[in-house]
2 protein chains.
Amino acid sequence: MAERKRQLVADELRDAALMLLATRGFDAVTVDDIVAAAGMSRRTFFRYFASKEDVVVQFLADMGTDIIAGLAARPRTEPPSVALRHAFWVPLAACTDHEDHAERARIVARLILDTPALHARWLERQIQWRSALTAELAVRHSLDPDTDPYPRMAAGMALLAFDTVLHQWPAGGDEQRLAELTDRAFAVVAPALDALTASHNAG
Amino acid sequence: MAERKRQLVADELRDAALMLLATRGFDAVTVDDIVAAAGMSRRTFFRYFASKEDVVVQFLADMGTDIIAGLAARPRTEPPSVALRHAFWVPLAACTDHEDHAERARIVARLILDTPALHARWLERQIQWRSALTAELAVRHSLDPDTDPYPRMAAGMALLAFDTVLHQWPAGGDEQRLAELTDRAFAVVAPALDALTASHNAG
DNA sequence: CTAGTCGTGGCACCGAGTGTCAAGAGATGC
DNA sequence: GCATCTCTTGACACTCGGTGCCACGACTAG
């Protein structure tokens with residue numbers, strides 16, 4: 001009951017923020033502007049979001065856990081490139097499901113790529129995902145993540161593919177090409193990802 | 001003449017900052033602490049460094065340009081993995097040349113990896129390098145960096161290898177292993193980097 | 001000795017983010 | 001219905017990073 005109200009307030013804040021940020025740009029909007037538009041106090045804003053950047057980046061909060069869970073759900077017999085591509089594709093496809101959700105996601109993507117401060121936060125988030133992915137890949141292939149560079153770098157390559165897709169997405173127009181972009185990006189890193197099976201058996 | 005004094009002041013500031021930051025931690029040291037230790041005014045600090053993070057990150061300013069220049073200097077007949085590994089190895093080896101310079105570099109590396117704010121800046125710097133590397137790789141292989149994902153991802157993979165080396169460097173003890181770490185890291189991404197020659201001729 | 005230039009310090013200011021406290025809205029118990 | 005307890009909110013004050021502005025002092029040219 002109180003939880004719904006909390007979510008409602010957060011949504012109100014987030015919508016007001018996204019609208020202002022997308023139109024005026026990140027740096028030209030202060031937190032006071034946002035709370036004025038949402039009709040709340042400055043202090044309340046920081047109770048719901050840890051920082052101004054957080055309003056935008058929190059948008060991708062669940063995506064990370066979904067990716068990890070998706071990877072864990074893939075059968076271990078699958079080559080790394082395939083398992084990782086599927087794990088990343090699921091939340092990416094979810095973004096394009098709902099019409100308004102997709103448009104908002106593109107706004108967020110643009111905003112993140114255009115704003116240095118947000119880009120930095122997005123990169124930090126990526127690093128968190130990479131840590132989790134590294135751990136998952138380590139157990140998946142029975143490797144020590146501290147000594148063997150493969151798990152960390154495999155996770156990094158998957159994120160690199162994901163980042164490339166995100167970079168090309170707002171630029172192009174069609175949404176259907178998202179799948180194609182994803183396939184092409186993962187195809188580039190696939191040779192290195194799947195070279196594990198040989199080097200693993202060898203080393 | 002005046003240039004030497006500028007450099008002298010900057011060094012003074014940087015040394016004082018690094019000493020405090022390394023011992024007390026990044027967040028526990030204010031700019032006022034730094035300028036007090038260096039015997040200068042707060043305003044002067046920001047004339048030499050754009051931000052508190054900049055004191056640490058500027059340490060790696062020249063490295064990026066060196067890497068790009070190093071890549072441009074490699075013969076085009078070289079496979080991408082070899083050319084990139086050499087380009088990254090040169091400034092990395094330079095860090096280990098001078099004794100004190102090496103120790104300071106390790107302090108900086110630790111500081112960057114341990115501090116979220118600095119880590120974010122380092123990632124931003126990496127992105128700048130990636131842009132330059134992408135452009136260089138694009139002309140190097142006659143590809144369009146906007147449509148073909150390879151240049152961007154190849155640059156990203158090289159940086160991923162570099163980042164992995166930096167991550168493993170302060171953890172281990174020996175400096176001689178730096179070359180070994182670099183070789184191993186680049187060996188992981190080499191299959192994807194050198195798959196270009198086949199896909200390029202095919203596509 | 002004077003005039004122009006440049007680095008510097010001091011000051012005021014903005015914006016992000018935090019701690020603290022009082023007031024109000026509900027839910028609960030009598 | 002009323003007291004009470006809790007949870008959220010708003011307001012104020014404060015710290016700190018960062019910037020604009022201006023005046024002072026040093027250094028140089030004529």
Side-chain angles (χ1 to χ4, degrees), chain A residues 1-18 20-21 23-59 61 111-112 115-122 124-125, chain B residues 1-18 20-21 23-59 61 111-112 115-122 124-125:
Chain A
M1 44 189 79
E3 192 60 33
R4 294 180 192 277
K5 188 174 181 180
R6 263 195 76 84
Q7 191 60 39
L8 209 71
V9 173
D11 287 354
E12 196 85 16
L13 237 18
R14 183 176 44 74
D15 288 349
L18 244 57
L20 286 176
L21 294 175
T23 57
R24 278 197 248 164
F26 186 82
D27 293 327
V29 177
T30 69
V31 176
D32 295 87
D33 295 337
I34 297 172
V35 297
M40 304 179 191
S41 90
R42 174 185 170 71
R43 197 63 187 83
T44 300
F45 177 90
F46 285 107
R47 275 197 195 90
Y48 284 88
F49 303 99
S51 66
K52 201 172 80 169
E53 290 99 350
D54 204 43
V55 189
V56 185
V57 178
Q58 205 191 66
F59 214 79
L111 210 50
I112 288 177
T115 311
L118 286 176
H119 202 275
R121 289 291 178 128
W122 158 237
E124 278 188 293
R125 180 78 55 160
Chain B
M1 44 190 77
E3 191 60 32
R4 293 180 195 277
K5 189 175 182 182
R6 261 195 77 82
Q7 191 61 39
L8 210 70
V9 173
D11 287 354
E12 195 86 16
L13 237 18
R14 183 176 44 75
D15 289 348
L18 245 56
L20 287 175
L21 294 176
T23 56
R24 277 197 249 164
F26 187 81
D27 294 327
V29 177
T30 69
V31 176
D32 296 87
D33 295 337
I34 297 172
V35 297
M40 303 182 192
S41 90
R42 175 185 171 72
R43 196 66 189 82
T44 300
F45 177 90
F46 285 108
R47 267 193 264 270
Y48 283 88
F49 303 99
S51 66
K52 199 172 82 169
E53 290 99 352
D54 206 42
V55 188
V56 185
V57 177
Q58 206 192 64
F59 215 79
L111 209 50
I112 288 177
T115 311
L118 287 176
H119 200 274
R121 288 291 179 130
W122 158 238
E124 279 188 293
R125 180 78 56 161

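Within every chain, numbering begins at 1; the chains are lettered A, B, ... in the order of the sequence lines, protein sequences first and strands thereafter.
Separating the CE atom of B/M40 from the P atom of C/dG7 is a distance of 14 Å, rounded to the nearest angstrom. One interatomic measurement links the two molecules: CZ of A/R4 to P of C/dA27, which rounds to 14 Å at whole-angstrom precision. Distance B/F26 CZ to D/dC16 P: 14 Å, rounded to the nearest Å. Atom CG of A/L13 and atom C1' of D/dT9 are 12 Å apart (whole Å). Rounded to an integer number of Å, the gap from CD of B/E12 to C1' of C/dG7 is 16 Å. If you measure from atom CG of A/D33 to atom C1' of C/dG15, you get 11 Å, rounded to the nearest angstrom. Look at CG on A/L20: it is 16 Å from C1' on C/dG15, rounded to the nearest Å. Summarising the geometry, the separation between CG on A/D32 and P on C/dG17 is reported as 12 Å, rounded to the nearest angstrom.
Nearest to the side-chain atoms of B/R43 among the listed nucleotides D/dG17, D/dT8, D/dC21 stands D/dC21. Listed candidates were C/dT8, D/dT9, D/dG17. Nearest to the side chain of B/K52 is D/dG17. In this structure, the nucleotide among C/dG15, D/dA11, D/dC21 sitting nearest to the side chain of A/S41 is D/dA11.
Backbone-only contact: B/V29 has heavy atoms under 4.0 Å from sugar-phosphate atoms and none from a base. Within the nucleic acid shown, B/F45 has no heavy atom closer than 4.0 Å to any nucleic acid atom.
For the residue pair A/A37 and A/L20, the shortest heavy atom distance occurs at CB-CD1, 3.9 Å. Taking every heavy atom of both residues into account, B/F26 and B/A117 meet most closely at CE2-CB, 4.4 Å.
A cation-pi arrangement is not found for B/R14 relative to B/F59, the charged atom failing to lie both closer than 6.0 Å to the ring centre and inside a 45° cone about the ring normal.
Between B/D27 and A/T44, the residue anchored nearer the 5' end of DNA chain D, judged by the nucleotide with its closest heavy atom, is A/T44. In this structure, B/F46 and B/K5 both approach DNA chain D, and ranking their closest nucleotides by distance from the 5' end singles out B/F46.
For the residue pair A/T30 / A/D33, a side-chain donor-acceptor distance below 3.5 Å is found, with atom types taken as modelled.
The shortest distance between the side-chain N/O atoms of A/Y48 and the OP1/OP2 oxygens of D/dT9 is below 4.0 Å.
A donor-acceptor contact under 3.5 Å links the side chain of A/R42 to the base of C/dG17. Side-chain atoms of B/R47 come within donor-acceptor range of the base of C/dG9, with a qualifying N/O pair under 3.5 Å.
Two residues are said to be in side-chain contact when any heavy atoms from C-beta on lie closer than 4.5 Å; A/T115 and A/E53 fail this criterion.
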